[in-house]
There are 2 protein chains.
Amino acid sequence: MSYANDMPTQSSTDLASDLRLGCMRLARRLRTERVSDDLTLSQWAVLGSLERHGGLTVGELARVERVKPPSMTRIVNSLADAGLVVRRPHAADGRQVVVDLTEEALSLLTEDRRRRTAWLALQVAELTDDERALLARAVPLLDRLAST
Amino acid sequence: MSYANDMPTQSSTDLASDLRLGCMRLARRLRTERVSDDLTLSQWAVLGSLERHGGLTVGELARVERVKPPSMTRIVNSLADAGLVVRRPHAADGRQVVVDLTEEALSLLTEDRRRRTAWLALQVAELTDDERALLARAVPLLDRLAST
DNA sequence: TATTGTTATACTCTATAACTATA
DNA sequence: TATAGTTATAGAGTATAACAATA
């Protein structure tokens, strides 16, 4: 099926500009719907990375989060103090330290996702069936654009 | 025209979850495509607010950016030192101070937007015509979701 | 007396430099 | 000798409390 016939051809630049604004606005709105203000953005990001990738070393976390190793040590320390991560020695390299999520962190992440999604789900439920179907087709495109 | 018939019905919750992840990922990717690392996020946000709303008082800026007045005073000071904003007295209320963008700030904002959009436009150009048309229809929905 | 904005001070977060342990 | 991680110290950024000026 083709949607191109239904729409005037829009240049990539105009579309990119509109998409950028819309995406940033929605992301900003989503950020305000946090489950808790107890954790900083960096701490949340580290928890998210560990959830996505499994156990990571301090160095890997620093690289993923674009932070220097000493800063990541501090973040990991704070998360460890909060009981959200644990350190364990690397199997093959005694210099490295692997960081893992605790059960408490997993449920915190689940709860956070549930609440934030719940807000968005309310908004999505307000859309028409056609609009929801359209959005469902567009989401994979957002992922493709982001992963380049 | 209807897209609902083309798609299995997806619950609002599932769609919201997918949309949330896709939007956050793209927003994160867009954030890395800054025109400069000279300004902090707070400083950029203030410039953006002034661009959108025109001259605002220090108090209004603090409320918009969810920051305490003393912090906003500091941010405005730094932007003023950089020649990006100027202070002027409020017309009716002698206590208030209105902050305006300078010409330099306006061109900086334009340049920032151009470069960031340029990156996204490259990715968008890789899409098919159908995909671009689909995206063009979806973007207004993002705005509507964000504005609630 | 209340409100707007600023100044004084303390706390948090991150970075650079120096140090320890392992490869 | 190089690498992973930590500790020590310094530089931003923001918050609370106190102050000055205006309504």
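Each chain gets a letter, A, B and so on, in the order the sequences are listed, and its residues count up from 1.
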Heteroatom pairs (N/O) under 3.5 angstrom, protein to nucleotides 19-23 of chain D:
| from | atom 1 | to | atom 2 | distance (Å) |
| --- | --- | --- | --- | --- |
| D/dA23 | OP1 | B/G94 | N | 3.0 |

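As judged by a 4.0 angstrom heavy-atom cut-off over every strand, B/R87 is placed among residues touching the sugar-phosphate backbone only.
Ranking C/dG5, C/dA15, D/dT14 by closeness to the B/V97 side chain, first place goes to C/dG5. Here the side chain of A/S71 is nearest to one of D/dA4, D/dT7, C/dT14, namely C/dT14. Among the nucleotides D/dG5, C/dT4, D/dG13, the one closest to the side chain of A/Q96 is D/dG5. Counting only heavy atoms from C-beta on, A/P69 has its side chain closest to D/dT6 among C/dC13, D/dT16, D/dT6.
Environment of CZ in B/R66: sparse, with no more than 12 heavy atoms of neighbouring residues, nucleotides or ligands closer than 6.0 Å.
Looking at every heavy atom in both residues, A/R132 comes nearest to B/S12 through CD-OG, 3.6 Å. In terms of heavy atoms, B/M72 sits closest to B/L61 at CE-O, 3.5 Å. Between A/V85 and A/V76, the shortest heavy-atom contact is CG2-O, 3.8 Å.
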Using salt bridge (Lys or Arg N to Asp or Glu O under 4.0 Å), reason through B/E131 and A/R144 one step at a time and then give a plain yes or no. CA-CA 11 Å; B/E131 288 168 337; A/R144 265 174 52 198; 2.9 Å; yes

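Side-chain contact between A/D93 and A/T57 is absent, with no heavy-atom pair separated by less than 4.5 Å.
Look at B/S42 and you'll find a side-chain N or O under 4.0 angstrom from OP1 or OP2 of D/dT14.
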